[in-house]
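Report on the following structure.
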Protein chains: 2
Amino acid sequence: MTHLRVRPLIVESVRPSEPCAACEARPFSVCNAIDQRDIERLAALAVSLSVDAGRTFIEEGDPAEHFFNVTAGTAKLFKLLPDGRRQITGFASMGTFLGLAVSSTYAFGAEAVEPMRICRFSRPKLRALLDDFPAMEKRLLEVASNELVAAQEQMLLLGRKTARERLASFLVTRGVCAGNGAPACGHRAAEKVTLPMTRSDIADYLGLTIETVSRTLTRFKSERLIDIPNAADILIRDHAALRSLATGLH
Amino acid sequence: MTHLRVRPLIVESVRPSEPCAACEARPFSVCNAIDQRDIERLAALAVSLSVDAGRTFIEEGDPAEHFFNVTAGTAKLFKLLPDGRRQITGFASMGTFLGLAVSSTYAFGAEAVEPMRICRFSRPKLRALLDDFPAMEKRLLEVASNELVAAQEQMLLLGRKTARERLASFLVTRGVCAGNGAPACGHRAAEKVTLPMTRSDIADYLGLTIETVSRTLTRFKSERLIDIPNAADILIRDHAALRSLATGLH
DNA sequence: TTGCTGCCTTGATCTGCATCAAGGCAGGTT
DNA sequence: AACCTGCCTTGATGCAGATCAAGGCAGCAA
């Protein structure tokens, strides 16, 4: 609290530092529904931004003026209760499209858990573009459908799984789909799972407390299911056991 | 178990008893994205079916060969764990579109909680139709987006709300949006909330047990928040108190 | 170096809801 | 009427995970 923040909270560069055509995230995002010769129209709408770790770039309840596409880093998406209880509804990494909602306000907040780059689009302008590119609209529907399936899986976890099952599910899902910043989701089980988020984030994602998350991971370690070389990295030692725990088998 | 079931489990009538043009559910469903002069093409694909109460008409994990549209009655959508634990992820009533998923198998099961009428569409045929009607694809994206928002709200409920808050949220949401088979969702608070599902369904929807649901409703009654003339009907006596409970205020 | 801060771990205790158990009631069958 | 059966309610007890409390450790500023 000893000095004023003089830097803008979000560093803007209206011209994307690298245009959509060369975007590393494009293969993983809805943008790849637009082919090479039309990509300029998309690039004209995109505003590339840096977001510092810890920065909230979507505030729940604010007017929803933009869509976002994550090009690097990780964000947590969350909803709050008035007394501060928090539910993290998901993590967004490279390629994730944010802001799908009919409502005029954001239904959730978003905060960077590590330094991020995001692409920002004006809602009305992107909507207009979508009218010309039904292929992209189709991709968005696919993305939304997949997220719905994931959301239902998460409801099962939150409503009916034990703490051990929740952590096992979390590690298995992360291991398969979000390993080490390689979001290609190659469906190969990773040896090492990197967790850019804190224990508190994991707790709020799984509907537990930070203490339960810590204790459960420690117990997994003593059971030789995992190793914890440091808090941010988990080594999977017994994939089969974790997977069967995750699906509710004992 | 004393006699064989001779009736087919689902009564089919390939010609819809009433064509799409006259469908009561159309104003509430994605079908209204197709205008009057093209509606025949949709009608040609639709197969209208009756589903008995208690009948499972979507089996989780089965090949996803159809889309469904609910035209009357209510279904519960659910996911199961191998040991029988169940999470109900939502209830589908008139106008609800079911089966949105990229995967080739259904991600959830569906069972009628009261007698239903549903419209069934072959997946590949409806997909082909969608290519000709981007307006309907757009509507589907809207529907999916709204369901995502609802799913996130449900995650907050399951992960962070107390039993009292869950029941209050349930009653308030039902009161506003699903009152008495009038799914117009007129955003007017209903006096009476009709619950076609059992206490066990409510418990599996809210991540609680049947006993906790019963006890909590009884307590609401003793606190003059509601009346329970019979198990299926709840009279809301103090909307404001329920709403503030639902949002986590005490 | 010292001290501070944020994050994580571990232990002791508490509690909200689950579990176990029993009984009530409405609707249907014999 | 007598008897199921399915569903709901109510009471007694138990426990998984929350809460309370304390200490460890890495990174960083003074």
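Chain A is the first sequence line, chain B the second, and so forth, proteins listed ahead of strands; every chain is numbered from 1. Values reported hereafter were calculated over all heavy atoms of this structure, with side chains retained and with hydrogens, waters and symmetry mates removed. None of the values given here were measured: they were computed from a predicted structure.
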Please tabulate, for the side chains in residues 66-80 of chain B, all donor-acceptor contacts under 3.5 angstrom to protein atoms that are two or more places apart in sequence or on a different chain.
unit_1, atom_1, unit_2, atom_2, d
B/N69, ND2, B/S29, OG, 3.4
B/T71, OG1, B/R117, O, 2.9
B/T74, OG1, B/E114, OE2, 2.6
B/K76, NZ, B/D201, OD1, 2.8
B/K76, NZ, B/D201, OD2, 3.2
B/K79, NZ, A/E153, OE1, 3.1
B/K79, NZ, B/A107, O, 3.0

Between side-chain atoms of residues 202-217 of chain A and protein atoms elsewhere (two or more places apart, or another chain), which donor-acceptor pairs fall under 3.5 Å?
unit_1, atom_1, unit_2, atom_2, d
A/D204, OD1, B/R160, NH2, 2.8
A/D204, OD2, A/R86, NE, 2.6
A/D204, OD2, A/R86, NH2, 2.8
A/T209, OG1, A/T212, N, 3.3
A/T209, OG1, A/T212, OG1, 3.1
A/T216, OG1, A/T212, O, 2.6

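The shortest non-hydrogen separation linking A/K161 to A/S169 is NZ-OG, 3.0 Å. What you find for A/A112 and A/V51 is that their closest heavy atoms are CB-CG1, 3.9 Å. The shortest non-hydrogen separation linking A/M155 to B/A151 is CE-CB, 3.5 Å. Of all heavy-atom pairs spanning B/A241 and B/L225, the tightest one is CB-CD2, 3.6 Å. Pairing each heavy atom of B/A168 with each of B/L245, the nearest pair is CB-CB, 3.8 Å. The two residues B/R174 and B/T194 make their nearest non-hydrogen contact at NH1-O, 4.4 Å.
Toward the 5' end of DNA chain D, the nearer of the two residues B/R199 and A/A163, judged by each one's closest nucleotide, is B/R199.
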Pick out the pairs of N or O atoms, protein on one side and nucleotides 19-26 of chain D on the other, that lie under 3.5 Å.
unit_1, atom_1, unit_2, atom_2, d
D/dT19, O4, A/R215, NH2, 2.8
D/dC20, N4, A/E211, OE2, 3.0

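Taking the charged nitrogens against the carboxylate oxygens, A/R120 and A/E65 have no contact shorter than 4.0 Å, which rules out a salt bridge.
One can place CG of A/N230 at 13 Å from C1' of C/dC7, the figure rounded to the nearest angstrom. Whole-Å rounding puts the B/K161 NZ to D/dA18 P distance at 18 Å. Rounded to an integer number of Å, the gap from CG of A/L195 to P of C/dT9 is 11 Å. Rounded to whole Å, atom P of C/dG6 lies 15 Å from atom CG of A/D201. Atom CG of A/L217 and atom C1' of C/dC7 are 14 Å apart (whole Å). Atom-to-atom, CG of A/L167 to P of D/dA16 comes out at 16 Å; the value is rounded to the nearest Å. Atom P of nucleotide C/dG16 and atom CZ of B/R160 are separated by 16 Å, given to the nearest angstrom. Atom C1' of nucleotide C/dA18 and atom CD1 of B/I210 are separated by 13 Å, given to the nearest angstrom.
Side-chain contact between A/E147 and B/E147 is absent, with no heavy-atom pair separated by less than 4.5 Å.
Here the nucleotide nearest the side chain of B/L208, chosen from C/dC17, D/dT9, C/dC8, is C/dC17.
Within 4.0 Å of B/G54, counting heavy atoms only, lies no atom of the nucleic acid at all. Note on A/T198: only backbone sugar-phosphate atoms sit closer than 4.0 angstrom, heavy atoms only; bases stay farther off.
Of all the residues in residues 218-227 of chain A, A/T218 reach under 4.0 Å from DNA chain C with at least one non-hydrogen atom.
Qualifying salt bridge (charged side-chain N to carboxylate O under 4.0 Å, His left out) partners for B/D227, counting only residues two or more places apart in sequence or in other chains: B/R237.
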Under the side chain to side chain contact (heavy atoms under 4.5 Å, CB included) rule, what do B/D233 and B/L235 come out as? Steps first, then yes or no, please.
CA-CA 7 Å; B/D233 294 303; B/L235 292 171; over 6 Å; no
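Axis angle between the ends of the helix from C/dT1-D/dA30 to C/dT30-D/dA1, five pairs each and rounded to 10 degrees, works out to 20°.
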